[in-house]
Amino acid sequence: QVQLVESGGGLVQPGGSLRLSCAASGFTLADYAIGWFRQAPGKEREGVSCISSSDGTTYYADSVKGRFTISRDNYKNTVYLQMNSLKPEDTAVYYCATYSGALGLAVRWRQRVFYNNWGQGTQVTVSS
């Protein structure tokens, strides 16, 4: 069974850090580009970051650039999202998914329609 499971969310104060994990089962994560998305209450799900399968090229939304880092450990079949200098506006449910758009990752990585195998999400709350 193909499955992605997110973990690592929680409650953190502004300025704090969290590391989210996206663990795969039933398939080899290294074969896919992986995206992280987030959805805050009443808002659309938005792309946060993505890492390619081929050479590890990374992409970030402007709102998280310089604060978040995406990485992958192919031996552990896991992708990570290190989140530093967290802000209240980072509060959301965070999801990972596999990119299925073939070519065009640099242009399409933020578009939900090109992703499959969504995990159940992990809640991140940034509050004092």
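As the structure is a computational prediction, the values presented were derived from the model and not from experiment. Nothing fancy with the numbering, it's 1 onward along the sequence.
Side-chain contact between R112 and W118: present, with at least one pair of heavy atoms (C-beta onward) separated by less than 4.5 Å. At a threshold of 4.5 Å between non-hydrogen side-chain atoms, the residues T122 and S7 do not count as touching. Here the side chains of L105 and C50 are in contact, with some heavy-atom distance below 4.5 Å. The closest side-chain heavy-atom distance from I51 to W36 is not below 4.5 Å. When side chains are defined from C-beta on, R110 counts as touching E46, because their heavy atoms get closer than 4.5 Å.
S52 places a side-chain N or O within 3.5 Å of a backbone atom of T57 that can act as its donor or acceptor partner. Side chain of Q39 to main chain of E44: no donor-acceptor pair is present (N/O by atom type, distance under 3.5 Å, no hydrogens or angles).
Atom OG of S85 and atom CZ of R67 lie 7.0 Å apart (nearest 0.5 Å). Interatomic distance, L29 CG to C22 SG, rounded to the nearest 0.5 Å: 6.0 Å. Taking CG from N84 and OG from S17, the interatomic distance works out to 3.5 Å, rounded to the nearest 0.5 Å.
No side-chain N or O of R19 forms a donor-acceptor pair with one of Y80 less than 3.5 Å apart. Side chains of N116 and T98: no donor on one and acceptor on the other come within 3.5 Å. Using modelled atom types, one finds no donor on one side chain facing an acceptor on the other under 3.5 Å when comparing D73 with T78.
Closest approach of W109 and A61 over heavy atoms only: CH2-N, 3.5 Å. L4 and A24 make their closest contact through CD2-CB, 3.7 Å (heavy atoms, listed as atom of the first residue, atom of the second, distance). When all heavy atoms of L20 and G9 are compared, the closest pair comes out as CD2-N, 3.6 Å.
Between Y115 and Y95, the gap from one ring centroid to the other reaches at least 6.0 Å.
Annotation for F68: atom CZ counts as buried by contact number, over 12 foreign heavy atoms lying within 6.0 Å. Counting heavy-atom neighbours within 6.0 Å of E89 CD, excluding the residue itself, gives a total above 12.
Using a 4.0 Å cut-off between a side-chain N of Lys or Arg and a carboxylate O of Asp or Glu, D90 and K87 do not qualify as a salt bridge.
Ring orientation note: the planes of Y99 and F114 are tilted relative to one another, at an angle of 30° to 60°.
In this structure, V79 is a member of the same hydrophobic cluster as V2, with clusters built from ILVMFWY side-chain heavy atoms closer than 4.5 Å. A chain of hydrophobic side-chain contacts below 4.5 Å, direct or via other Ile, Leu, Val, Met, Phe, Trp or Tyr residues, connects F37 to V113.
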Test side chain to side chain contact (heavy atoms under 4.5 Å, CB included) applied to R38 and R45, step by step:
CA-CA 5 Å; R38 66 186 180 187; R45 192 171 298 187; over 6 Å; no
